[in-house]
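Comments concern the structure below.
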Amino acid sequence: MINLKPEDQKWVDGIWEKLDAKLSNTAKAVVEFVPYTTVNNRYAPMPITWWTNGFYGGMMWLMYKMTGKEEYKNCACVQELLMDRALRKYDGLHHDVGFQWNLLSKPHYELEGNKESRVRTLYAANMLAARVNIRGNFIRAWNKKSYSIIDCMMNIPLLYWASRELEDDRFRFIAEMHADMSARDHVREDGSVVHIVVHDEQEDKVIETLAGQGMAVGSAWTRGQAWAVYGFILSYIHTGKKEYLDTAIKVSDYFLEHTAEFDFRTPTDFQQPKDIGYIDSSAGVCAACGLIELYKATKEEKYLDGAIKILKAHEQDCIFDDSDQSILQNGMESYGRGRELHLIYADFFLVEAIAKLKGMDYLIW
Ligand code: GLY
């Protein structure tokens with residue numbers, strides 16, 4: 001349980017009311033596709049295997065868990081069924097099956113005991129586990145080249161779940177192998193994070209690091225940093241291994257220290273020129289979720305305080321009325337795109353963070 005200051009509690013309750021009012025309308029107007037962003041203020045999809053295609057359904061499961069409203073469950077179930085086309089397609093899927101079915105079908109199994117959802121989730125976990133390179137000690141991100149990306153720290157919780165579900169440690173061994181590699185090869189000495197590591201395919205050797213979606217080699221892409229903030233504390237929660245907690249503290253301290261330089265309204269890259277003004281709200285709200293979990297693990301007030309400051313700073317990026325179907329604006333896909341837009345996962349992490357502050361104990365990851 002989190003004890004908030006009365007003024008913060010009032011703020012959290014107010015935001016929650018607005019989220020529920022808007023999202024229950026969206027849920028009732030069930031869409032027959034998977035939303036990614038909005039175009040002309042209406043949801044718009046990406047191809048069915050797109051990496052973000054679990055977030056809308058996952059957000060609906062969170063809302064259902066918090067409110068018990070049937071419209072949220074119905075909407076989540078439609079999303080889960082739509083994604084069967086992706087599961088059957090196979091081509092086009094990669095390590096982000098973690099993001100997808102961890103949020104879409106696992107909650108359906110956990111919250112409602114749905115057996116078909118269990119099977120979907122196990123298929124996804126097997127697909128993710130099979131991506132391991134046992135000589136290089138990493139999970140291969142995409143379907144070409146031997147890359148690992150920091151984002152995968154958010155995919156591996158699916159493997160921890162599969163180990164528990166099947167009483168089969170192989171899944172956990174792969175997840176830990178990957179987390180250990182990420183702590184070593186993706187986290188720099190100062191706590192900033194490398195987006196892409198290029199590995200040798202035949203042995204445990206780093207060939208080079210790439211800027212990926214960040215500004216430049218050696219810079220600090222904020223969403224990558226956020227994946228590490230939330231990803232390492234999740235690995236700690238699932239394994240109890242202190243080294244993951246230590247790494248979560250290191251990357252979170254970097255995030256907090258640098259986001260403070262931007263008044264807690266998260267930029268796209270912590271090293272970006274101050275006058276460029278790029279914002280990535282998705283990085284802020286994802287990091288806030290991780291910081292809240294880090295607060296629960298350490299009882300260090302600075303993490304809760306930082307999470308609340310970040311969430312409050314991004315309130316100005318929210319649309320709570322019906323002028324647009326989405327809520328949190330000003331996310332950025334990558335520094336190179338240089339254009340802010342709504343990203344469905346920004347809404348997901350906003351809902352998750354506020355639900356955590358409202359006392360939700362269900363960890364969807
Ligand atoms: N996982 C891809 C991204 O963060 O944009």
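What you are looking at is a predicted structure, and each value in this text was computed from that prediction instead of being measured. One-based numbering, in listed order, for ligands and for the atoms of each.
Residues Thr222 and Thr266 bring no donor and acceptor atom of their side chains to less than 3.5 Å of each other. In this structure, a donor-acceptor pair under 3.5 Å is absent between the side chains of His94 and Arg140.
Closer than 4.0 angstrom to ligand 1 by heavy atom are Trp51, Asp151, Gln213, Trp221, Arg223, Trp227, sorted by chain and number.
More than 12 heavy atoms of other residues, nucleotides or ligands sit less than 6.0 Å from atom CZ of Phe33.
Ion pair Asp361/Lys356 not flagged as a salt bridge, since none of the NZ, NE, NH1 or NH2 atoms sits closer than 4.0 Å to an Asp/Glu carboxylate oxygen. With respect to the salt-bridge test (charged N to carboxylate O, under 4.0 angstrom), the residues Asp321 and Lys22 do not qualify. A salt bridge is defined here as a Lys NZ or Arg NE, NH1 or NH2 lying under 4.0 Å from an Asp or Glu carboxylate O, and Arg135 with Glu201 fails to meet this definition.
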